Trainee: 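This structure is in structure tokens; I'll ask about it shortly.
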Protein chains: 2
Amino acid sequence: MEPIQGIKQAIRTIPDFPKEGIQFKDITPLLQDAHFFDQSIELLASKLKGKSVDYIAGIESRGFIFGAALALKLGCGFVPIRKPGKLPYKTYSQSYDLEYGTDTIEIHQDAFKPGSTVCLIDDLLATGGTAAAAVKLIERCDVELDSILFLIELTFLEGRAKLAGQTVESLIAF
Amino acid sequence: MEPIQGIKQAIRTIPDFPKEGIQFKDITPLLQDAHFFDQSIELLASKLKGKSVDYIAGIESRGFIFGAALALKLGCGFVPIRKPGKLPYKTYSQSYDLEYGTDTIEIHQDAFKPGSTVCLIDDLLATGGTAAAAVKLIERCDVELDSILFLIELTFLEGRAKLAGQTVESLIAF
């Protein structure tokens, strides 16, 4: 079996979570399997092969899991993009629309050395709203955004449309 | 300079965050420095040297950063302990007291293979309330808790008192 098939099978679908009609992709069985977790980081790292990336930026909270492990693997710094009020120093904020209402994410203004190269990561590309907001935050930081990586992409939600002009890669599509 | 001194100096103190009188320990300068991040994971890993640990359990959110990187480093599975309503499958819940009110954390009931060995990690040991609640969750899972690791320990808050009977290690004390 291809590594990617094993990883895909380790993702569990939970019906009607967090609300009726949503087929939630639960990555915890993947994370708790040392072999699949290692392989998923290996495969994410392979997407950056031959590139020179200085920082991995991960979106709270599950993006921290893959982002921190990937940063360690590649010898990059790790930059957290967080929910409002969590980062203690000067921040940039970006709001984005949800199905009902809005949400906000933040980054430290001094998160990166100016002129460096960044890869953004999150576990899941759904509608793309959070990732698009994260792109706007990174663009305010005077760095180059090399690419955006996701473990999982829900293709029917067409999240890539919100990330037009960016290099977007995902390991697994549903 | 000893590695631990460099890591300590990369932690920034932000006064009066999140409220007046709190000297907040900001780990983001450490994380964004690839060298210090790698060294901190190396030093955390050294605390488990010679032990056979199957899982690293990390507490949301900053515990995910160190926990996932440490799990990758050691070839362990990673188990997230999360805020309420985030884990989609059957959970155990544990509430704990805050200065005002209470908070709750959760773990999946099938987070570990029964009989396995677990290391719990978080970035900061303050009063110990969250970690003590995490210990109770892990104890319900029919596994052995080997030890509890923290990057930072605020010794004047005496959090170890709430973790009596456990093996507790921290890299840096303030």
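Since this is a predicted model, take the numbers as computed values, not measurements. Labels below follow one simple rule: chain letters A, B, ... track the order of the sequence lines, proteins then strands, and each chain is numbered from 1.
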Trainee: Are L30(A) and I59(A) grouped together when hydrophobic residues (ILVMFWY) are joined by side-chain heavy atoms under 4.5 angstrom apart?
Mentor: no
Trainee: Give, as side chain, backbone, both or neither, the part of A57(B) having an atom under 4.5 angstrom from any heavy atom of chain A.
Mentor: neither
Trainee: Do L125(B) and I4(B) land in one hydrophobic cluster if side-chain heavy atoms of ILVMFWY residues count as linked below 4.5 Å?
Mentor: no
Trainee: Which atom names give the shortest non-hydrogen contact between A34(B) and G77(A), and what distance separates them?
Mentor: CB-N, 3.6 Å
Trainee: Between F37(B) and A68(A), what is the shortest heavy-atom contact and its length?
Mentor: CE2-O, 3.6 Å
Trainee: Check every N and O of chain A against chain B and note each donor-acceptor pair under 3.5 Å, with its distance.
Mentor:
unit_1	atom_1	unit_2	atom_2	d
R12(A)	NH1	D110(B)	OD2	2.7
T28(A)	OG1	H108(B)	ND1	3.1
L31(A)	O	F78(B)	N	2.7
Q32(A)	N	F78(B)	O	3.4
Q32(A)	NE2	D110(B)	O	3.0
Q32(A)	NE2	A111(B)	O	3.1
E60(A)	OE2	S61(B)	OG	2.6
S61(A)	OG	E60(B)	OE2	2.6
S61(A)	OG	S61(B)	OG	3.1
F78(A)	N	L31(B)	O	2.7
F78(A)	O	Q32(B)	N	3.4
H108(A)	ND1	T28(B)	OG1	3.1
D110(A)	O	Q32(B)	NE2	3.0
D110(A)	OD2	R12(B)	NH1	2.7
A111(A)	O	Q32(B)	NE2	3.1

Trainee: Which one, G67(B), P29(B), G58(B), A111(B), leads in non-hydrogen pairs under 4.5 Å with chain A?
Mentor: A111(B)
Trainee: Can you say whether I41(B) sits under 4.5 Å from chain A via the side chain, the backbone, both, or neither, judging by heavy atoms?
Mentor: side chain
Trainee: Just so I understand: if I count every heavy-atom pair under 4.5 Å between each of V79(B), L70(B), L72(B) and chain A, which residue has the most?
Mentor: L72(B)
Trainee: Check the hydrophobic clustering (I, L, V, M, F, W, Y; side-chain heavy atoms under 4.5 Å; chains of links allowed) and say if V135(A) and L149(A) are grouped together.
Mentor: no
Trainee: Do I152(A) and L171(A) land in one hydrophobic cluster if side-chain heavy atoms of ILVMFWY residues count as linked below 4.5 Å?
Mentor: yes
Trainee: F78(A) versus chain B, heavy atoms under 4.5 Å apart: side chain, backbone, both or neither?
Mentor: both
Trainee: Select one option (side chain, backbone, both, neither) describing which atoms of L87(A) are under 4.5 Å from chain B's heavy atoms.
Mentor: both
Trainee: Under a single-linkage definition using a 4.5 Å side-chain heavy-atom cutoff for Ile, Leu, Val, Met, Phe, Trp and Tyr, are I105(B) and F112(B) assigned to the same hydrophobic cluster?
Mentor: yes
Trainee: What residue pairs, at least two apart or across chains, pass ring-ring contact (aromatic ring centres under 6.0 Å, His included) with a residue in residues 116-164 of chain A?
Mentor: none
Trainee: Tell me, for P88(A) versus chain B, whether the close heavy atoms (under 4.5 Å) come from the side chain, the backbone, both or neither.
Mentor: both
